[in-house]
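Reminder, nothing fancy here: chain letters follow the sequence lines and each chain counts from 1.
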There are 2 protein chains.
Amino acid sequence: MKRHGTQNLKMIGVRDLRDINQTIFLHLVRDRQPISRADIVKATGLQPGTVSAIVNRLIKEKLIYEGIEGPSSGGRRPKYLHVNAESAYVLAIDLGVKESIYAVSDFNGRILTQKSVLTEGDPEKFLRSLSREIHALVRTQYPRARVEAVGVSVPGLVDRAAGTLIVSPNLGWRAVPVRALLEEELELPVYVENDANAAAFAELWYGPLDEVSARTLLCVLVVEGLGTGLIINGELHVGTSIGLGGFGHMSMDPKGMTCSCGRRGCWETFASDRATLDRYRRLSKSKTRVRAVTELIALAGQGDAAALETIKVTARYLGEGIASLAHGLSPEVVVIGGEITGAWPIIGPIIEGCIKSNYIVPPISFKVRPSSVLRPSLFGAIPIALQHCFGGGRDKQTNHVKVPQSFLNSGSRTPARFS
Amino acid sequence: MKRHGTQNLKMIGVRDLRDINQTIFLHLVRDRQPISRADIVKATGLQPGTVSAIVNRLIKEKLIYEGIEGPSSGGRRPKYLHVNAESAYVLAIDLGVKESIYAVSDFNGRILTQKSVLTEGDPEKFLRSLSREIHALVRTQYPRARVEAVGVSVPGLVDRAAGTLIVSPNLGWRAVPVRALLEEELELPVYVENDANAAAFAELWYGPLDEVSARTLLCVLVVEGLGTGLIINGELHVGTSIGLGGFGHMSMDPKGMTCSCGRRGCWETFASDRATLDRYRRLSKSKTRVRAVTELIALAGQGDAAALETIKVTARYLGEGIASLAHGLSPEVVVIGGEITGAWPIIGPIIEGCIKSNYIVPPISFKVRPSSVLRPSLFGAIPIALQHCFGGGRDKQTNHVKVPQSFLNSGSRTPARFS
DNA sequence: AATCTTTGTCATCACCCTTAACTAAGTAGT
DNA sequence: ACTACTTAGTTAAGGGTGATGACAAAGATT
C-alpha cells in the first residue's frame, strides 16, 4: 500500500491542456471534414489565432492537411482541411463465434479491405495463422502504409490490462493470451476489448449523434450471446480492468433456462441469437436447420408464422431487459446491434411498446434505434486501435481515448448506416 | 448572449485548468487536514512554488487557513493547513417516508446540528413548515453564519434541472416543486437529488476509499423502497436530467409480486425494507407489529427465528441483484446503505456467498461493504449542497461537482463510520 | 559551531489561449 | 470602376498557468 511519499494525485498542466484540446480538435476535423478554419472558430469558440496555431501544429505533424478552397459565402474563400487518411492505418479484428472478420482501416476510420475467415481449431493456432494471413495481406497490398495498431474485439471476458481473453463460453476459449500472440506475429501494439464494449465504441464514432447530446449511451449487442456496452460522458465505461460482457447475465427469471455461465434465466438465455434460434426450433418443428438469425428473418418475410412469432418474442425480451436497465442507467440512447436488427420494422415497435408499458413514467426519455454500422463489434475495433494514434487524452489504465463529452454535441455528418 | 452560430464544442482554457486544479487541491486539503505544503508537494507532484502560490490564493479567498506548526522531521517545521470550516455552511434535508431529517453542516461536511421531524400532511404545507423551522433554527443558532446552499435528497423520481419531484410512489407525492418551494422560503440555492444518488455521493465524500482506487462504485440504498446510485470516475452518474432511483425496478422475476411502479417482480419487491417487513409478517404470524427493520434486527438478536430467516432471505435477494448488476457494471466497490446494514454480521457473509456462487468467474473483483455513514441519504445531501461552494469544476447540466478521478486514489483519513 | 535536511519563497521561464490589429480575398451597391 | 462591407486567415503582444532553480528560514545531526 503506497501511503505517503508517493504521488497519488494528478494535477494537470498546460501540457495536458494542449493535448486535450488537440484531441478534441482532431476529432472535430475528422467528424466534419472538409472543414475550414473559420468553421472551427465557430464550432469551438476558440480565437482565430489559436485555431491557426493548432492547425499549423497538426499540419506539421502530418495529421491533417490543407485541401482545396471552398466556395465563398460573401468574403474570402475558406481553405478546407482534411485529416490525413494515409497518415496512419490500423487493423481491426473481430473474433466471432462462427466467423471472424479482419479489416484494414485508414486514419479516418474507413475500412479499406475486409476479409472473413471461419473461426475454428485451437485458439492459439487459429490466432497465429490469422495474424500471418493479415501480415501477408498488409505486406502485399499496403507495402508502404504506416500501420500503427491493432484492435481486437472478443465475445467474452477480457483482461484489458494484460490483453488476454479470460474466458468465452460462446467461443469455448479459455485463458488465451490474445495480445501476446498477436503482438508476436504482427509486431504492433494490440488492444483487446469485449465485443459489446467495442460495439458501443463504434456507435460513438460512427453513430449519428446529432439528434441527441448523448451523455449516456447503452449498446445492446445481440449475437451468439448477448452483451452490453456503456458509454458515459463520451467515454467507454470499463469498470475494473476485467471487462465483462455487460448485462447479458442479468438474471430475469429465477426459473429460466440454464445459461452458459451456469446461472439461470440470464437475459442472454432469452434474447440472444442462440436463444432465438433454439426457440424457433422448438416452435416450428420443421426439419430445415436454420443457422442464422438472418435466415430466420428471411423466413419470416416469406410468411413463416413461427419465424415471425419467434422474432417477436425475442423483441419482447429485448424490450423488457432494456426497460429494466433504463431505470437504472437513464440513458439518452439505446442502440441495438446484431443480425436481429435486420428485422427492425418488426422488432422496433415491439421493443418500444414493451418499454413504454414497463416504464415507470410513460414519456420515455430515451431513444431506441438499431446500430449505425452493420457489424458493430468489427467497427468498434477500429477506434479502439485508432486511439493509439490519437495521442493525448489517453488513459493509461483503460487504454482508451476519452472523447470529451462536449465533442458529442457536435452534429455528425456521417451517413446513417455504414456498410 | 451571443449565439455564435453553433458553438457546441467546448475547449478548455488556462482558466478551466486553474479551476480544476484548485478543486482537486481543496479536496486534498479537506481530506487530509492538517496537511503541510510539503505534504501537498509530495501528494500532488506539483512544484513547491506552485503549491505555495495556490495555497496563498486559497488563503486569500478564506477557503483555507494556516494553523499551528507541526513537529519537525529533521528540518524546518511545517505549517499545518486546514480548510476553513466556517467559511461556508450548508443545509441538508433528507425527506424520508416516515421521518425527514435536516442538518446544518460546516464547510468540512461535518454536521453541526441535526433534527428529525415526521413526514406528514400535504407535501407543500409540509415543506413550507419544515423550511420555516429550518430558517428559524439558522437565524437563532447560527445568526452570523454564511449559509450558502441547500441539498435535498428525495426518495423518488426527480427532475434535476427543474428541482422538482416528479413522482414518489413510496412517499405518495407527485409533481412537487421542491426547489421552488424551498428557495422561496429559505432564499438559498436548492439542489434536489434522488436519495440513492445522494447516498452514493455520500460514500464518495465520507467513505474510506484508501483501500481501493474506486473508478466505479455502486451504492444500493435499502429503505422503504430500494434504489441504486452510481459513481463513475469519481463522478455521480446522472443519465438524463430525469433521475430515476436506479435499478430498484429491475425486474427479477416475471411472476413476482406487483410493485408500486405497476410492474412485477422488481428488485424492490424482494429486498426493500417494506418487502422485508411484509415477509416477516407472513412468516411469523405474530401479533406484534414490527414497523422498522431495526426492530426486526433486534428481534433476530433476541432469538426470533422468523426474524432471522426473514433477514437472511433479504440478504440473499440483495446478493442476487448485486450479482446481476456487477456483471454489467464491473464496480470496484459495492456499498449497501439502510437500516438492514445494522445486521451486517448476518447479511454480509450471505450476500458475499450469494454473489460468489452467482458470479461468472469465481474470484470476485469487487468488495461489498456497508455504507460509511448511518443515514447515507442525509449525508449525501451535504456534498450536494457543498458543490455549490466548491466552485470550479461545476457541471452546468447536472449541477454536480466533479471530484476528479485521480483524487479518489488518495488515502482518506476519515473515520470508518460517522455518527 | 559546522553541516545537513526539510520547509517554504521568489524571480524567471515556457507554454497555452486571448486580444486586437492586420492582410487577403471575395461580394454588393453605386 | 470605385467604395463599402463581409468573410478568412495571420501575426504579434499579453495575461495567466504550472515548471524550474536559486535562495532563505529553521531545525536536526555531528
> How does each nucleotide of nucleotides 10-15 of chain C score, in 5' to 3' order, for protein heavy atoms under 4.0 Å: base (B), sugar-phosphate only (S), or none (-)?
Replying inline: B-----
> With sequence neighbours left out, which residue pairs that include part of residues 41-63 of chain A fulfil the ring pair (Phe, Tyr, Trp, His ring centres under 6.0 Å) condition?
Replying inline: none
> Which two nucleotides bound the region of DNA chain D that has atoms under 4.0 Å from heavy atoms of chain B, read 5' to 3'?
Replying inline: D:dT17 to D:dA28
Atom pairs and distances, donor-acceptor, side-chain atoms in residues 53-61 of chain B, under 3.5 Å, two or more places apart:
unit_1 : atom_1 : unit_2 : atom_2 : d
B:N56  : ND2    : B:S52  : O      : 3.2
B:R57  : NE     : B:Q22  : OE1    : 3.1
B:R57  : NH2    : B:Q22  : OE1    : 3.1

Atom-pair distance ([atom1] on [X]; [atom2] on [N]), nearest Å:
X: A:Q47; N: C:dA20; atom1: CD; atom2: C1'; answer: 10 Å
X: B:N21; N: C:dC16; atom1: CG; atom2: P; answer: 16 Å
X: B:L46; N: C:dT9; atom1: CG; atom2: C1'; answer: 16 Å

Results of side-chain hydrogen bond (donor to acceptor under 3.5 Å, both in side chains) for [X] - residues two or more places apart only:
X: B:Y65; answer: none
X: B:E66; answer: B:R37
X: A:N108; answer: A:Q33
X: A:T50; answer: none

> Of all of residues 64-80 of chain A, which get a heavy atom below 4.0 angstrom from DNA chain D, listed by number?
Replying inline: A:S73, A:G74, A:G75, A:R76, A:R77, A:P78, A:K79
> Can you list the residues that meet the salt bridge (charged side-chain N to carboxylate O under 4.0 Å, His left out) rule with B:E69, with sequence neighbours excluded?
Replying inline: B:R77
>> Using the salt bridge (charged side-chain N to carboxylate O under 4.0 Å, His left out) criterion, which residues pair with B:E86? Sequence neighbours excluded.
In response: none
> side-chain contact (heavy atoms from CB on, under 4.5 Å) with B:V41: which residues, sequence neighbours excluded?
Replying inline: B:P48, B:V51
> Can you name the closest pair of heavy atoms from A:A385 and A:L91 and give their distance?
Replying inline: CB-O, 3.8 Å
